[in-house]
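Right, I'll just put the structure down here and ask away after.
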Amino acid sequence: MTWQLRRAGPADVPAIMAIENAMFPTDAWSTDAMARDVADPHCYYLVAFPPDAPESIEAYAGLLSPRGAPEADIQTIAVTTAAQGRGLGRVLMLRLIDEARARGAREVFLEVRADNPGAIHLYTSLGFEELGVRRGYYKPDNVDAIVMRLAIPAPQAGLAGTTDHTGTTDNTGTTDPTPLETHS
């Protein structure tokens, strides 16, 4: 399957929220919170879509990474059920890690639901390590959050499989929506 990635904008919030509500029915973010993050210059949000259907957003991911700050935080990531299992989550994560590095971060943090083994496996395979557990973090389900950290490798070291398939980023911070191929 081929997707394109581009930087999310305010017009993407309804499509992002449709995925958010479908994937996280009990603890979805509010539309206002998502819209604030998408518009925040300290955040970097991406959407993924088929090249021939830019209105059909299949996934999104967001990063909080103020320029020059040594730490960044993966805010959210979601891939529709139909697009799961094809490497799209990995591609989005790698792109967010690259953006965090470009903004000066040396570490990336995230929280993941303890009852989401697929996501935990993905993050571990990317080099994230478990730091601890936040008991009952996800409400109202009372599900624990596993806190994870990645020490960002220097650009020359790279991450396994980080060939840039996501387009180029210009100095304005926008991503050229170059097609990318992921494999199951």
> Can you name the residues that form a side chain to side chain contact (heavy atoms under 4.5 Å, CB included) with D32, not counting sequence neighbours?
Replying inline: S30, R36

> Any idea which heavy atoms bring T2 and P51 closest together, and the distance?
Replying inline: O-CD, 3.3 Å

> So, do L5 and V91 sit near enough that their side-chain heavy atoms are less than 4.5 Å apart?
Replying inline: yes

Mind listing the side-chain donor-acceptor pairs of residues 104-117 below 3.5 Å, one per line with the distance, residues two or more places apart or on another chain?
{"unit_1": "E107", "atom_1": "OE2", "unit_2": "R149", "atom_2": "NH1", "d": "2.9"}
{"unit_1": "E111", "atom_1": "OE2", "unit_2": "R134", "atom_2": "NH1", "d": "2.7"}
{"unit_1": "R113", "atom_1": "NE", "unit_2": "D115", "atom_2": "OD1", "d": "2.9"}
{"unit_1": "R113", "atom_1": "NH1", "unit_2": "D27", "atom_2": "OD2", "d": "3.2"}
{"unit_1": "R113", "atom_1": "NH1", "unit_2": "D141", "atom_2": "OD2", "d": "3.3"}
{"unit_1": "R113", "atom_1": "NH2", "unit_2": "D115", "atom_2": "OD2", "d": "3.1"}
{"unit_1": "R113", "atom_1": "NH2", "unit_2": "D141", "atom_2": "OD2", "d": "3.3"}
{"unit_1": "N116", "atom_1": "OD1", "unit_2": "A119", "atom_2": "N", "d": "3.2"}

>> Starting from I77, can I reach Y138 by hopping between I/L/V/M/F/W/Y residues whose side chains sit under 4.5 Å apart?
In response: no

> Can you pull the side chain to side chain donor-acceptor pair (under 3.5 Å) pairs that have at least one residue in residues 45-56, sequence neighbours excluded?
Replying inline: D37-Y45

> So, do Q75 and D73 sit near enough that their side-chain heavy atoms are less than 4.5 Å apart?
Replying inline: yes

>> Strictly distance-based, threshold 3.5 Å: is any side-chain N or O of R101 a donor or acceptor partner for the main-chain N or O of P153?
In response: yes

>> Could you report the tightest heavy-atom contact between A83 and W3, atom names first, then the distance?
In response: CB-CZ2, 3.7 Å

> Which value, rounded to the nearest 0.5 Å, describes the distance between N142 atom CG and Y137 atom OH?
Replying inline: 13.5 Å

> Taking the side chain as C-beta and beyond, is there a heavy-atom pair between D12 and V38 under 4.5 Å?
Replying inline: no

> I146 and L122: same hydrophobic cluster, using ILVMFWY side-chain contacts below 4.5 Å?
Replying inline: yes

> How long is the span from the CD1 atom in I74 to the CG atom in L64, to the nearest 0.5 Å?
Replying inline: 10.0 Å

>> On a heavy-atom basis, which atom in A61 and which in L96 lie closest, and how many Å separate them?
In response: CB-CD1, 3.6 Å

> Hey, does the side chain of T124 reach the backbone of H121 with a donor-acceptor pair shorter than 3.5 angstrom?
Replying inline: no

> Do I97 and F128 have side-chain heavy atoms sitting under 4.5 Å apart?
Replying inline: yes

> Between atom CD of E58 and atom CG of L88, what is the distance when rounded to the nearest 0.5 Å?
Replying inline: 8.0 Å

> What are the two closest heavy atoms between S125 and R90, and how far apart are they?
Replying inline: OG-NH2, 2.5 Å

> Which pairs count as salt bridge (charged side-chain N to carboxylate O under 4.0 Å, His left out) when at least one residue sits in residues 14-24, sequence neighbours excluded?
Replying inline: none

> What are the two closest non-hydrogen atoms of L63 and A100, and how far apart are they?
Replying inline: CD2-N, 3.7 Å

> For T76, what residues pass the side-chain hydrogen bond (donor to acceptor under 3.5 Å, both in side chains) criterion, not counting sequence neighbours?
Replying inline: none

> If every non-hydrogen atom of R67 is compared with every non-hydrogen atom of E99, which pair is closest and at what distance?
Replying inline: NH2-OE2, 4.1 Å

> Donor-acceptor pair, Q84 side chain versus V79 backbone, under 3.5 Å?
Replying inline: yes

> For A78, what residues pass the side chain to side chain contact (heavy atoms under 4.5 Å, CB included) criterion, not counting sequence neighbours?
Replying inline: I19, M23, F24, Y60

> Would you call D98 and R95 a side-chain contact if the rule is heavy atoms closer than 4.5 Å?
Replying inline: yes

